[in-house]
Amino acid sequence: MAGIAVAGAGIGGLSAALALASVGRTVTVHERAEALEPVGAGVQLSPNACLVLDRLGVLEALRPAAVAPGEVLIRRGRDAAVLARIPLSASRYGAPFLVVLRADLQSALLARAAAEPAITLSFGGGVSAYAAQGRGVRLTLGGPNPGTAAAEGLVAADGIRSAIRRQMTGSSADDTRTSGRSAWRSLVPAAAAEADALAHRSNLWLGRRAHLVHYPVAGGAFVNLVAIIDEGSTAQSGASWSEPAAAEAVERRFAGWAAPARRLIAAAPGWRKWRLADRAPLARWTDGAVALLGDAAHPMLPFLAQGAAQAIEDAAVLADAVAGSSGDLAAAFSTYAEARRARTARVQAQSRRQGDVYHLGPPASTMRDLVMSRLGRDRLVARYDWLYDPPAAVRRFAGGPPPATAPG
Ligand SMILES: Cc1cc2nc3c(=O)[nH]c(=O)nc-3n(C[C@H](O)[C@H](O)[C@H](O)COP(=O)(O)OP(=O)(O)OC[C@H]3O[C@@H](n4cnc5c(N)ncnc54)[C@H](O)[C@@H]3O)c2cc1C
């Protein structure tokens, strides 16, 4: 049989292919698109993701273009008052916190997969359906050369609109939950940005029914800028596709904000808008030797910047389960799903809550700001330990060194 099939060559699918190859499995990746187009602009890669990327041999390739922010600076939108500073240190979790261009991450994963003899990459033909066949699966392939293929197992990393997930759970075509929020994204060239925006830190500005995130990427050549806006009932459900968006709409929405935020928004050369959606946690992630991974399993709102990071964690835990199994792929996939369900459900729920907290208006926002500014550096940092400290199965796969400073 032709090894394990992976549907989708996004961040999740490529990470899964590399992780499975690293534990001795043969993998074929079936990507529906003819070529990978980098969607989005910047991605924050927290230590739980970087630890795995290091083990996959991708981190070194990423480093020259990555920026390692020294802190997260949280400011109030209307007057730029500093609410908190959260230091980001590589030693706390044994891996760095990096921000990168999504295109750089995709290229590094793709180059590594293309160089791996155990991985075959097939573009322009997606997996539209599967059927159990003995202990393995038979795939129905689409694209210009439709047909079927046999595989030992199938990892469905085909994104938030996963066709394989719909077949597995028997759910409707679109069961995503709208958030009522959209993300407007732009890349501001360094020459158009002020020094404040080019400093090596991640910036978060909080306002009523909106927030702003920005950080330098591509070695400081650009500032990745994301404006998240509440759109209430005008935000259509179900979508996460991007579309061009008018600068005036963002500028109008942030008109009352502090000058540095407004100037950065005005410097944006163009915007694309994402309607943000997630889905309630699934009860079922596997069907025999078929397993869901990444956004196909657990799409989440981006307010903890964890969608890609959790897909990368999935890949590590999947490979750890496969390596530790006696060859029964269905059993290994169930072990993987059991290990991942609770953690990813928690990240999904916390991401949704985080958005609500960010967008509070007075008087609740006054209380939030007070708590944040009084919490103190150590307690602020410790609030992220549950997220950034990789779970045991991720550490086992990555074989990473224990953190120099044990998270407390
Ligand atoms: C505004 C915004 C900001 C974000 N910021 C961050 C961040 O800072 N940090 C972070 O960790 N995450 C972030 N995310 C989330 C992250 O982008 C996603 O969670 C992540 O890209 C999901 O990866 P994936 O591989 O599971 O899915 P996708 O990236 O959607 O990849 C799915 C792939 O499958 C292919 N495909 C689809 N159907 C089929 C089929 N039937 N057969 C074969 N192939 C198929 C698609 O063409 C695609 O290549 C953000 C998301 C948004 C919207």
Side-chain angles (χ1 to χ4, degrees), residues 5-17 28-50 52-53 69 97-102 105-106 109-110 121-130 139-143 154-167 179 181-186 202 211 213-215 217 224-229 239-242 271-278 292-315 344 347-348 351 355 387-388:
V6 173
I11 293 165
L14 290 174
S15 299
T28 301
V29 180
H30 300 275
E31 165 58 50
R32 187 177 57 184
E34 293 289 337
L36 288 186
E37 283 180 27
V39 286
V43 186
Q44 310 195 50
L45 291 172
S46 44
N48 48 319
C50 285
V52 178
L53 291 175
F97 190 112
L98 300 177
V99 290
V100 299
L101 269 182
R102 180 177 290 263
L105 175 58
Q106 270 184 354
L109 285 165
L110 193 60
L121 296 168
S122 166
F123 283 84
V127 179
S128 54
Y130 68 89
L139 315 176
T140 304
L141 302 173
L154 169 64
V155 178
D158 51 344
I160 187 169
R161 294 161 183 266
S162 169
I164 299 162
R165 191 249 322 152
R166 286 203 302 274
Q167 178 183 344
S179 65
R181 299 191 169 125
S182 55
W184 304 59
R185 303 169 99 180
S186 188
S202 185
H211 73 276
V213 175
H214 61 89
Y215 45 82
V217 286
N224 179 60
L225 176 59
V226 189
I228 313 277
I229 301 172
S240 67
W241 298 143
S242 81
W271 294 88
R272 288 191 79 83
K273 174 177 165 176
W274 268 256
R275 298 206 182 89
L276 301 176
D278 65 0
L292 304 177
L293 181 142
D295 276 7
H298 46 68
M300 53 187 64
L301 299 175
F303 308 133
L304 284 174
Q306 280 292 309
Q310 291 302 311
I312 292 167
E313 276 194 8
D314 286 349
T344 53
V347 183
Q348 284 178 297
S351 298
L387 193 56
Y388 295 165

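Residue numbers count from 1 along this sequence. Each ligand, and each atom within it, is numbered from 1 in the order the structure gives.
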Item to complete: Could you tell me whether ligand 1 has any atom less than 4.0 Å away from a heavy atom of I11?
Response: yes
Worksheet entry | Numbered atoms and elements of ligand 1 in range of G10, under 4.0 angstrom, heavy atoms | 25 (O), 31 (O), 33 (C), 49 (O)
Discussion item. Nearest non-hydrogen contact with atom 27 (O) of ligand 1 belongs to which option: A5, G159, A156, A35?
Written reply: G159
Discussion item. Given H298, which partner from the list D314, T344, D278 fulfils the side chain to side chain donor-acceptor pair (under 3.5 Å) test?
Written reply: D314
Practice prompt. Mark up the atoms of ligand 1 that fall under 4.0 Å of a heavy atom belonging to G12, in ascending order.
Written response: 24 (P), 25 (O)
Worksheet item: Which is closest to atom 38 (N) of ligand 1 in terms of heavy atoms, R181, K273, Q44, R32?
Response: R32
Fill in: For G126, atoms of ligand 1 separated by under 4.0 Å from a heavy atom
42 (N), 43 (C)
Worksheet, complete the sentence: Rounded to the nearest 0.5 angstrom, the CD1-CG distance for I11 and L293 is 12.0 Å
Discussion item. Yes or no: does R161 have any heavy atom under 4.0 Å from an atom of ligand 1?
Written reply: no
Worksheet item: Is ligand 1 less than 4.0 angstrom away from at least one heavy atom of L276?
Response: yes
Worksheet item: Of all the atoms in ligand 1, which lie at a distance below 4.0 Å from a heavy atom belonging to G294?
Response: 26 (O)
Worksheet item: Which part of R185 is near ligand 1, with near meaning a heavy atom under 4.0 Å away: side chain, backbone, both or neither?
Response: side chain
Worksheet item: Under 4.0 angstrom from ligand 1, any heavy atom of A157?
Response: yes
Worksheet item: Backbone, side chain, both or neither: what part of A305 comes under 4.0 angstrom of ligand 1, heavy atoms only?
Response: both
Worksheet, complete the sentence: For H30, the ligand 1 atoms with a heavy-atom partner under 4.0 Å come out as 43 (C), 44 (N)
Fill in: Side chains of S186 and W184, donor plus acceptor under 3.5 Å
no
Practice prompt. Would you mind running through ligand 1 and noting each atom that sits below 4.0 Å from a heavy atom of A183?
Written response: 1 (C)
Worksheet item: Just heavy atoms, cut-off under 4.0 Å: does P302 contact ligand 1 by side chain, backbone, both, or neither?
Response: side chain
